[in-house]
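Below: the structure, in structure tokens.
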Amino acid sequence: MRVVESIREMQTHCESLRLAGKSISFVPTMGYFHEGHLSLMKKARETADHVVVSIYVNPTQFGPKEDFSKYPRDFGRDAQMAAGIGVDVIFFPPNQEMYPDGYQTYVDVEKVTQNLCGISRPGHFRGVTTICCKLFNIVKPHTAIFGKKDFQQLAAIKRMVADLNLDLEIIGMPTFREPDGLAMSSRNVYLSKEERSSALSLVNSLKGAQKLYAEGERNAAVMIGQAQRLIQSARFTEIDYIKVCDAATLEDVQEITSEAVMVLAVKVGKTRLIDNSVLGEELKA
Ligand code: AMP
């Protein structure tokens, strides 16, 4: 497995693969891998001749009071895990390479980024779509694999790819969970034992919403109310949002008449966790 830090080297490598008729699948990440990341890499391995994974904690998607400097990092461990899946190249650029002095260009997807994390994390999605657009131009992939755990991010990336006519296919993969249902996240390492157990209220409230939906409930407020009560009854939790949204537009819905998703963001202690589930879809845990 090769580790590449330079943009020029990465572009030259990927261009030569393309000229040789090889397909490239790409998994962008911020590192500190868990099984969720590995499931995307496995999918990439099945999808293409060549697998590129990027590890880059992107400063432009973090707010000034967020955990950019504290974000967990362990390149050696990540490299070993990626090699175990058969990843061909890790792209691991320094900040100066990605945002050199004088940098001033950003990609802004307007509507689908407005609600949810767009409210609580202003500028976050602008950072995400910008870095992904840059990475797509560097890696030149045929397919890029993202997790549905970051539901709004996936929607924004798909919109950007369609709107800017980027020539690649975006594949969304199911949320990988711990055996007890907690969605895997690099940020789970921040949780104390007690917080870890309270964090289960997120997936449990999604399960509750799924149960109501299966019983025929279509009123979003009823589902949100039940989730709110469950999360508030767990210790250390502070709700950022609990919403039921149209799965395509991510606008709030009151009465569910088309595909809808329950989306949550909750602080457990100091750690902000997100989770979601498309109503009527199996929640594997
Ligand atoms: P991150 O390193 O957290 O930016 O995530 C990199 C990619 O992994 C994104 O496409 C995430 O949606 C995806 N991802 C993160 N957690 C999970 C999970 N539990 N299951 C599946 N994909 C995930």
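First listed ligand is number 1; within each ligand, the first listed atom is number 1.
Y103 does not carry K134 over the face of its six-membered ring by the limits of under 6.0 Å from the centre and within 45° of the normal. Cation-pi geometry between R73 and Y32 is not met: the NZ or CZ atom fails to fall both under 6.0 Å from the ring centre and inside 45° of the normal.
Between D88 and R45 there is a salt bridge, with a side-chain nitrogen of the basic residue lying less than 4.0 Å from a carboxylate oxygen of the acidic one. Ion pairing between R121 and E66 holds under the 4.0 Å rule for side-chain N and carboxylate O. A salt bridge does not link E46 to K42: none of the charged nitrogens lies less than 4.0 Å from a carboxylate oxygen.
Under a cut-off of 6.0 angstrom, the local environment of CD in E9 is crowded, with over 12 non-hydrogen atoms contributed by other residues, nucleotides or ligands.
Atoms of ligand 1 lying under 4.0 Å from any heavy atom of P28, numbered from 1 in the order shown and given with element: 6 (C), 7 (C). Close contacts between ligand 1 and F146 involve ligand atoms 10 (O) [criterion: under 4.0 Å to a heavy atom]. The ligand atoms of ligand 1 that sit less than 4.0 angstrom from a heavy atom of M184 are 16 (N), 17 (C), 18 (C), 19 (N).
Residue-level proximity to ligand 1 for H37 is carried by the side chain, the only part with a heavy atom below 4.0 angstrom. Residue contacts with ligand 1 for L40 involve side-chain atoms from C-beta outward but no N, CA, C or O (heavy atoms, distance under 4.0 Å). Heavy atoms of P174 found under 4.0 angstrom from ligand 1 belong exclusively to the backbone.
In this structure, the protein non-hydrogen atom closest to atom 20 (N) of ligand 1 is F176 N, 2.8 Å. Scanning the protein for heavy atoms near atom 22 (N) of ligand 1, the closest one is G147 CA, 3.6 Å. The protein atom (non-hydrogen) at minimum distance from atom 11 (C) of ligand 1 is D150 OD2, 3.1 Å. Of the protein's heavy atoms, M30 CG, 3.6 Å lies nearest to atom 4 (O) of ligand 1.
Under the 4.0 angstrom criterion for non-hydrogen atoms, K149 is in contact with ligand 1. Heavy atoms of H34 approach ligand 1 to within less than 4.0 angstrom.
Checked by atom type and distance alone, the side chain of S205 never pairs as donor or acceptor with a backbone atom of L230 at under 3.5 Å.
Screening residues 135-167 for ring pair (Phe, Tyr, Trp, His ring centres under 6.0 Å), with sequence neighbours left out, gives no hits.
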